[in-house]
Number of protein chains: 2
Amino acid sequence: MSQQEVSTRSRRTSHPKSAITRQRILDAAARAFSLKGYAATTINDIAMTAEMQGGSIYYHFESKDDILQEVLDVGITRVFSAVRLAVGSLPASSAFSEKLEAAVTAHLTMLLQQSDYTSANIRVFEQAPAAVKRQNRKLRAAYGEYWGRLLSEGQRAGAIRRDVDLMVLRLLLLGAMNWAATWYRPGDLAVSELAQNVCDIVLNGAGLDSNHLERSSKGRRARS
Amino acid sequence: MSQQEVSTRSRRTSHPKSAITRQRILDAAARAFSLKGYAATTINDIAMTAEMQGGSIYYHFESKDDILQEVLDVGITRVFSAVRLAVGSLPASSAFSEKLEAAVTAHLTMLLQQSDYTSANIRVFEQAPAAVKRQNRKLRAAYGEYWGRLLSEGQRAGAIRRDVDLMVLRLLLLGAMNWAATWYRPGDLAVSELAQNVCDIVLNGAGLDSNHLERSSKGRRARS
DNA sequence: TAGCGTATCTAACGGCCATTCGAAATTGGC
DNA sequence: GCCAATTTCGAATGGCCGTTAGATACGCTA
């Protein structure tokens, strides 16, 4: 039984044909998850858009959870790559505000119009079984740390006030972006415009630049 | 059959005993929905924490969807009331920044520590059946318009720059807050502190108040 | 304490859905 | 065009879950 153990797994010696079908299934699943949630999408939903029979999916995947795992992981991997690429392909001398806008634009573009995987991740992660979440959280953590470094670099460069809690800033920024998956509909507002607005508000504030000094002493935190 | 039509409905002439059990069920449901999502919580989950048998629930509610509807509606009603109360009980002469902080604090408090109904709403709305969503959206719209008026008032009072798109600002703000339901865990950071940080960043910006004028001409929007 | 409305229990039904499995079909190498 | 491996089919299984309904218990009033 020790040699059997492996033979039951799907995704054996990845034959070229199979890989394409796999993609088709994952694409269908990502879209369905993103639209209807995890529990509400059935294996047959996925199979139908992938143009096959429900049972056939189990030749490529071990379980529905398995599919979810892969969709979620790809979702993070994609935003992460896109953001890293966008920021990385800027001249090293770029101002922090430019890097930020590049990162925000890339994140929003992936989430809102390019990747069903990323939007599935954002919409469905909370519904995932514990084991699936646990694994995906590793990728999420790495992505979050990337943003942390980006902001911390901006702070060291003097582009971000020293009394701003970077953790809160990061969560606020990512939260504002991710929540857009809930309400954004293409048409009214271009993603790049949205990104500019978000960066503008977060960096410069929505208020008039008047009272930076007249704030009361209590309640402001210098460090964590 | 026309007189039967009504007799099948639950919640008849609200006897005092029944009302309490109803609450117990709704409380259990709100908590369960908020923790596990809608599809993943079974009627028996709800029944168990409400200390009764699954079938008994149908004496008080017509269907699972019915429970969800009520939980979602109560969720919005509660934040709305809390925010309106917090802002309304401020002296009329208060600065906009104070009103904003009161509103943000109230919203976050409800969402993160006071009401399972509100957090259930935020976490589960997207998974709800179309009919349930449609009804709840009315309440959501009213709540959103309240924030819209608050911000627009702030802008007229000169506390918000005129070139800020209020719709984006509102969605950014609510998004940042609602997303906190995903990551906030009590202990590290008090809700009031979080609220202060959020208001600070949104109003004053995280950046140094340097380049308000040196921005390039393209990409800035004066109106919608 | 008898009796009536209220509330809960219990068991069952019916449907849906993830998953399995053996048979059929398809493919690629020779 | 044949064989073996790869892929898909299609029907069946088993379990879970929302919902129903009749029987049972509870609580109050007279």
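Atom set for the values below is all heavy atoms of this structure, side chains included, hydrogens, waters and symmetry mates excluded. Just so you know, these numbers come straight off a predicted model, no measurement behind them. Order of the sequence lines fixes the chain letters, A, B, ..., with proteins taken first and strands second; residue numbering starts at 1 for each chain.
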- Query: Is the backbone N or O of A:Ser63 less than 3.5 Å from a side-chain atom of A:Asp66, with the two atoms forming a donor-acceptor pair by type?
  - Reply: no
- Query: To the nearest 0.5 Å, what is the distance between CD1 (B:Ile57) and CD1 (B:Ile25)?
  - Reply: 5.0 Å
- Over all heavy atoms of both residues, which pair between A:Leu189 and A:Tyr184 is shortest? Give the atoms and the distance, please. O-OH, 2.6 Å
- Is there any salt bridge (Lys or Arg N to Asp or Glu O under 4.0 Å) pair reaching into residues 103-132 of chain B, and which pairs are they, with sequence neighbours excluded? B:Arg31-B:Asp116, B:Glu126-B:Lys133
- Residue pair A:Leu68 / A:Ala128: nearest heavy atoms and the distance that separates them: CD2-CB, 3.6 Å
- Message: Quick one: does any side-chain atom of B:Asn136 pair with a main-chain N or O of B:Leu72 as donor and acceptor, under 3.5 Å?
- Response: yes
- Message: Rounding to an integer number of Å, can you tell me how far B:Lys64 NZ sits from D:dT20 P?
- Response: 15 Å
- Query: Of the residues in residues 30-41 of chain B, which ones touch DNA chain D at a heavy-atom distance under 4.0 Å?
  - Reply: B:Thr41
- Item | side-chain contact (heavy atoms from CB on, under 4.5 Å) involving A:Gln23 - partner list, sequence neighbours excluded | A:Asp27, A:Tyr117
- Query: Can you check whether B:Leu166 reaches B:Ile160 side chain to side chain, under 4.5 Å on heavy atoms?
  - Reply: yes
- 5′-ward residue of the pair A:Gly55/B:Gly55 relative to DNA chain C: B:Gly55
- Message: Does either side chain, that of B:Tyr38 or that of B:Asp65, offer a donor lying less than 3.5 Å from an acceptor on the other one?
- Response: yes
- Query: Given C:dC9, C:dT8, D:dG10, which nucleotide is nearest the side-chain atoms of B:Gln53?
  - Reply: C:dC9
- Length of the CZ-P vector between A:Arg22 and D:dT7, whole Å: 11 Å
Tabulate protein N/O versus nucleotide N/O from nucleotides 24-28 of chain C, keeping only pairs under 3.5 Å, one per line.
unit_1 : atom_1 : unit_2  : atom_2 : d
C:dT27 : O3'    : A:Lys17 : NZ     : 3.0
C:dG28 : OP1    : A:Lys17 : NZ     : 2.1

- Message: Please report the distance, rounded to the nearest Å, between CD1 in A:Ile20 and P in D:dT7.
- Response: 11 Å
Tabulate atom names and distances for all N/O pairs under 3.5 angstrom spanning the protein and nucleotides 12-15 of chain C.
none

- Message: Between A:Arg22 (side chain only) and A:His60 (backbone N and O only), is there a donor and an acceptor less than 3.5 Å apart?
- Response: yes
- Candidates A:Met177, A:Gln114, A:Gln113 - the one meeting side-chain contact (heavy atoms from CB on, under 4.5 Å) with A:Leu108: A:Met177
- Query: Expressed in angstrom and rounded to an integer, what is the separation of B:Ile57 atom CD1 from C:dC9 atom P?
  - Reply: 10 Å
Could you go through residues 147-154 of chain A and list every donor-acceptor pair under 3.5 Å that involves a side-chain atom there, pairing it with any protein atom two or more places apart or in another chain?
unit_1   : atom_1 : unit_2   : atom_2 : d
A:Trp147 : NE1    : A:Tyr143 : OH     : 3.1
A:Ser152 : OG     : A:Arg156 : NH2    : 3.2
A:Glu153 : OE2    : A:Lys99  : NZ     : 2.9

- Task: Take atom OH of B:Tyr58 and atom C1' of C:dA11, then tell me their distance rounded to the nearest Å.
- Result: 15 Å
- Looking only at side-chain N and O atoms, does B:His60 come under 4.0 Å of OP1 or OP2 in C:dT8? yes
- Item | Between P of D:dG18 and CG of B:Asp45, the distance in whole Å | 8 Å
- Hey, does the side chain of B:Thr21 come within less than 4.0 Å of C:dT8's phosphate (OP1/OP2), counting only N and O? yes
- Item | For atom CD of B:Glu51 and atom C1' of C:dC9, their distance in whole Å | 15 Å
- Let me know, please, whether A:Ser56 or A:Ile43 comes out on the 5' side of the other along DNA chain C by nearest nucleotide. A:Ile43
- What is the distance from OH of B:Tyr59 to P of C:dT8, rounded to the nearest Å? 8 Å
